[in-house]
Structures are given as structure tokens and as C-alpha cells.
Number of protein chains: 2
Amino acid sequence: MLKEERHQTILTHVELHNRVLLTDIAEILDVSIDTVRRDVKELDQESKLRKVHGGAISLGFTTNSARNNNIYALAQKTVIAEKAASLLKNGGVIFIDGGTTCLELVRIIPSDIQLTCFTLSLPVAMELNSKPNVEVIFIGGKIAKEAQMSIGASATDSLSEIKVDYSFIGTGYVDPAFGLTEFDWDIVQVKKAIIKASKKTVLLCISEKLNSQHRYKTCDIKAIDTMITELDSNADQLKLFRNYDVHLI
Amino acid sequence: MLKEERHQTILTHVELHNRVLLTDIAEILDVSIDTVRRDVKELDQESKLRKVHGGAISLGFTTNSARNNNIYALAQKTVIAEKAASLLKNGGVIFIDGGTTCLELVRIIPSDIQLTCFTLSLPVAMELNSKPNVEVIFIGGKIAKEAQMSIGASATDSLSEIKVDYSFIGTGYVDPAFGLTEFDWDIVQVKKAIIKASKKTVLLCISEKLNSQHRYKTCDIKAIDTMITELDSNADQLKLFRNYDVHLI
DNA sequence: ACAAATCATGCTGTTTTTTGCAATAATATT
DNA sequence: AATATTATTGCAAAAAACAGCATGATTTGT
């Protein structure tokens, strides 16, 4: 077997599976592991792939996921934010949750729309505050370091005293059967309070989070009035959610 | 499974859910917790995420310190901030006001000092939140657009329920005879409430503001326990303040 | 065509990396 | 303060990488 043939086979394999083990290639090509190692070394030097301990990975793999995936996610979140923004009505009184998706929504709020916004999230409050026609009311409390938002009894108490038209919330995990779940108990408590403080609740959620779950439960799917993903409203992935009387956008 | 693959999975998870537990990752990837710990350590060193006790959190969220670098009279304010910082005691419960001078104080708070900080100011809260050993409690309320801080009855009510060791406040104007004054009535109300909620009040004030006044009065000089300027404590400009039983630094 | 040189390949022993485990220290939580 | 959880460290086994060498094939120069 010629060297070039092997190189081609290796590359095809890497492109196809994103990664490959040296031992596997050695078996496939029926050559010694040393030869494979040398082949991969050359291909790495030619920048055709990236050699790692024990194997090789496609070039697109690392770039794609780390940064590109982030941009990709941002694109999805922007789509969600735009759909959500279409629900905003002039003069409305709403609640906006923390999280990157909600932050994206805040960013694209048109500056001419007049709103009263409650929030628990410091970044969301900062961003809202830059909108000239938005009145911002921050629900105070102990600030959760990572989430950068108020938690605790003080926050839930304050929430118990308000009733907004719409709340736009995010979630860590969502599953048709298990509903909305979170990693953090404190967060769940405030999210429950948010839902209670809202006439209607809108969930913003990228499709990647669909069908995932964690320890603590916020609510069932049926507690949500509208669920917004970046997907088309009749996408297959949303099939299971149609049983739960939730409006899909 | 290649290390790179694990890294990729970890990153995706962190980006998606903002935070993950090492134990969860270990289960997902079916490797030992030690391996996950080492992986996360590497990713942290590569600045792909931030390792925290028990897990990892996404960067994108924590590193959005929108630094406003063009602060007026930054040099003087830094001097003031350093003097003020020397008053901080480990385990103290304090209040920090809004304004650029107070923000400078927050920036130079040593990361090893353990504090409980109340504040009304969004930027101050954000900055405080980046200090690992500071517990931040935000006093909520309607956010004043310009000042980026809570005002109104809700804020003053909340303040009436606390008593801190020290409060560090700024002021718009100060005069030996007229005391502390402000341009804005709402701000005066909360400042009064802050002073009432403090055992001791420390005023941070650049010398430029000395001997100036405005419409609404916050308090007399004698309500202030300590006044910090960038000047030497026996400077001529402070002469008139010595009659008011205030500690000058 | 023949010898010399070059290259590719696999083998061997050694070094490095990775991984899991156990004991101990540090840190949260109650 | 006591307990549980998480980190750190050292260690050992396994896997992988590496360097050097021998063999055989291919190319090159004469």
C-alpha cells in the first residue's frame, strides 16, 4: 500500500468521524502503529489534521465547536430574541429573566417602545437601563455570584407583590415530560416566584436544551404559555411538546 | 476516548448551561472525576472556561466588564479609594454607594478580604460581584437612569430594615455650612436612608466638590463620621470642616 | 546492470503522558 | 464545631510517543 493511499484513507476517516484513533487506523490499513504515527505526523505538519495524544482530530472540530459554536449559538439566540420581541406591546409591564438568551432579547428591544421591566439580573438591568423608554425595576436580594442575579427570600417576597403581563424566562434544562429543571435550587425558587408573578410566561430556549434535565424542578411544561425556540414552530423536534397545551413559536 | 473529545464535550456543556458539576461530567463521559478535574484545569488555563469549586462556569458571562476608562479625575479618586480601603475590616458589613469614586473603591478591594456589601448601584454591584469573597446584596427598586441605582420607596423601605457597620457614600455637592446637597430629590431620599442605616458614615469626596451646594439637602456635615478627600488631612482647604466634629483623612 | 544511496517500514527498548486510586488537605455545609 | 464534599498530591499501571536500528524496497548514478 502506497503512502499516499494511506494518507488519503486517514484524511477521509478523520473528516468523516471528526476524530480517529491511531490503533484503529493501524488495524484498518493493516500496517504497524509506527507507520500510522509517522503518517499522521506528516499530515499534521501539512496542516491537514491535528495530531493529538492517541489519535488525530479534524481541524474543523476544535475551531468549529469552541468559538464557532458560540457564534452559532448566538445566531440561534438572536432568532429567539427576535421572535420574543414581536410579543412586546407598547406600555406593557413585563419581567425579564437573566441568562444570555434573555440578554439578547433585551439588546434588541426597539428604543421607541415604552415598557416597564422588572428583572433580577444585573446584566439585564444594565442593558435595560440603556433603553431610554424603558422603566427598570430591579428586584433586590442576595446576588448569586455566577448567575449575577438576585436570589433568596427577599427576592421571592418582592416578586410575590407584583403581577406582570408577560415574563420572559430562560431555563437550564427542559424536557417534555419532566418540565423545566435547573442545576441550582436557589434559582428554582426565584423562577417559581417569577412564574407566579406573571399572567403569562414565555420560555426562551435554544433547541440544544430540549430533552435535557437536572436535579431541581421549576415547573411543568403546561405552566408555560409560550415556548420560543430557534426552530420552526412545526419542527419535528418539538413534536413531544405539542401534547402539553403550550403555544410554540 | 481522546482528551480533545472530552474537552469539546465539556466546553459545549458549559456554554450551553453556563455551569456544570465535575461529577456530572464524569458521569456523562464515563471517566474518573480526577480526569475531569484535570481536563477542566487545562481548559481553565487555556481560558476556555472558569474552574470553580466543584465544577466550571462559562466565561462569556463573567468577563463582560464594560470598563469605562475615561473617569474624570481618576488619579484623585484612586487616592481616595485607597484611603477608604484602609478602613475595610475582614468580616465587615458595609454599604457602598454609587458614583465613580465609590466604584474606584470597589475596584481596589483586595480579593482576600471577606465582606458583606449592600449597594443600590448596578455598576457597583457588578464590580463587587467579581470579588470572590464579597457577598453582595442589592437593594432593589426603580432604577434611576442616569445614576444607575435604585431609588424610590421600595429602596428606602428596604434600607430601613438594615444597619451596617460602615457606609461609604458620595455626594454631588458639599459645603461646611450647608452640608451635603444634591441636584436630585430622589437621590437625596435614598442617601438619607443610607445614613440612617449605618452606624458610621464615610464620605468620599474629591476636593473639587468642597464648598459647593445645590437644591436638596441630604444631611449636615456632622452627620458624617469620616470624610475622605485626596488632600492631606491637614490641608488648608479642609480648615472649615474641622469645626464640625468630622474625622478627616 | 550493478552498486550506492535513499526511503519506507517494522521492531526494540526507553521515556513521556495519561489515567485511576488512595491518602491527605482544603473547602463548604449543617 | 462536626460533617460532607471537593482539591491536591504522590504513586503505579497502562498506553502512547519517541529514538535508534535492521531489513527490504526503490531510486539514482555510473
Side-chain angles (χ1 to χ4, degrees), chain A residues 1-11 13-14 19-46 48-57 62 142-147 151-153 182-189 214-216, chain B residues 1-11 13-14 17 19-46 48-57 90-91 110-116 129 131-136:
Chain A
M1 167 158 303
L2 292 172
K3 191 159 74 163
E4 274 308 312
E5 281 184 82
R6 291 201 311 271
H7 283 199
Q8 207 43 60
T9 312
I10 294 170
L11 278 177
H13 223 273
V14 168
R19 63 114 198 210
V20 83
L21 299 180
L22 297 191
T23 50
D24 284 352
I25 301 193
E27 202 175 324
I28 291 167
L29 297 174
D30 194 32
V31 289
S32 81
I33 187 91
D34 300 71
T35 304
V36 176
R37 188 167 286 124
R38 276 184 273 244
D39 284 340
V40 168
K41 198 176 198 172
E42 285 176 37
L43 289 167
D44 177 276
Q45 277 160 0
E46 293 166 30
K48 301 273 182 63
L49 47 69
R50 208 155 79 72
K51 184 182 180 316
V52 297
H53 193 96
I57 57 175
T62 36
K142 175 168 154 40
I143 302 291
K145 280 237 177 293
E146 288 95 15
I151 54 169
E182 292 286 342
F183 170 89
D184 191 315
W185 192 81
D186 290 319
I187 303 287
V188 166
Q189 304 316 307
H214 220 285
R215 288 188 180 64
Y216 307 114
Chain B
M1 166 161 286
L2 295 171
K3 189 164 72 167
E4 291 297 325
E5 289 182 87
R6 291 199 312 268
H7 284 197
Q8 209 39 66
T9 312
I10 294 169
L11 278 178
H13 244 266
V14 169
H17 297 119
R19 68 193 313 198
V20 289
L21 290 180
L22 298 189
T23 50
D24 284 350
I25 301 186
E27 201 175 325
I28 291 167
L29 296 174
D30 194 32
V31 290
S32 81
I33 186 105
D34 300 72
T35 303
V36 175
R37 189 166 284 124
R38 275 184 276 242
D39 284 340
V40 167
K41 199 179 206 171
E42 284 177 37
L43 289 168
D44 178 278
Q45 277 161 358
E46 293 166 28
K48 301 271 182 65
L49 48 69
R50 205 157 84 70
K51 186 182 180 316
V52 295
H53 194 93
I57 59 175
N90 219 15
S111 58
D112 59 339
I113 196 167
Q114 196 268 310
L115 288 172
T116 302
N129 200 45
K131 306 282 173 182
N133 296 311
V134 175
E135 170 158 320
V136 186

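In what follows, chains are A, B, ... by sequence order, proteins preceding strands, each numbered from 1. Note that the coordinates shown come from a computational prediction; the quantities given were computed from them, not determined experimentally.
- Within the nucleic acid shown, A:Leu22 comes within 4.0 Å of sugar-phosphate atoms alone, with no base atom in reach, counting heavy atoms only.
- Remark: P of C:dT17 and NZ of A:Lys51 are 12 Å apart, rounded to the nearest angstrom.
- Remark: P of C:dC7 and NZ of A:Lys41 are 16 Å apart, rounded to the nearest angstrom.
- Side-chain contact between B:Asp44 and B:Arg50: present, with at least one pair of heavy atoms (C-beta onward) separated by less than 4.5 Å.
- The span of DNA chain D lying next to chain A, judged by atoms under 4.0 Å from heavy atoms, is bounded 5' to 3' by D:dA16 to D:dA19.
- Judged as a side chain to side chain contact (heavy atoms under 4.5 Å, CB included), and not counting sequence neighbours, the contacts of B:His13 are B:His17, B:Val20, B:Ile28.
- A salt bridge links A:Asp184 to B:Arg19: one of the charged nitrogens lies within less than 4.0 Å of a carboxylate oxygen.
- Within 4.0 Å (heavy atoms only), B:Val52 reaches sugar-phosphate atoms of the nucleic acid but no base atom.
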Run the side-chain donor-acceptor check on residues 29-36 of chain A: report pairs under 3.5 Å with partners two or more places apart or on a different chain.
| residue | atom | partner | partner atom | Å |
| --- | --- | --- | --- | --- |
| A:Ser32 | OG | A:Asp34 | N | 3.3 |
| A:Ser32 | OG | A:Thr35 | N | 3.2 |
| A:Ser32 | OG | A:Thr35 | OG1 | 3.2 |

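- What separates CD of A:Glu5 from P of C:dA8 is a distance of 15 Å, to the nearest Å.
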What are the atom names and distances for every N/O pair under 3.5 Å that joins the protein to nucleotides 11-16 of chain C?
| residue | atom | partner | partner atom | Å |
| --- | --- | --- | --- | --- |
| C:dC11 | N4 | A:Asp34 | OD2 | 3.2 |

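- Note on B:Lys3 versus B:Glu42: salt bridge recorded, some NZ/NE/NH1/NH2 to OD/OE distance being below 4.0 Å.
- Applying the ring-ring contact (aromatic ring centres under 6.0 Å, His included) test to A:His7 and every residue at least two apart in sequence or in another chain returns nothing.
- Between the CD atom of A:Glu4 and the P atom of C:dA8 there is a distance of 11 Å, rounded to whole Å.
- Atom NZ of residue B:Lys41 and atom CD of residue B:Gln45 lie 7.0 Å apart, to the nearest 0.5 angstrom.
- Separating the CD atom of B:Glu42 from the C1' atom of C:dT17 is a distance of 11 Å, rounded to the nearest angstrom.
- At distances below 3.5 Å, at least one donor-acceptor pair connects side-chain atoms of B:Glu5 with backbone N or O atoms of B:Leu2.
- Distance B:Leu2 CG to C:dT19 C1': 14 Å, rounded to the nearest Å.
- Shown here are the side chain to side chain contact (heavy atoms under 4.5 Å, CB included) partners of A:Tyr216, two or more places apart in sequence or in another chain: A:Trp185, A:Val188.
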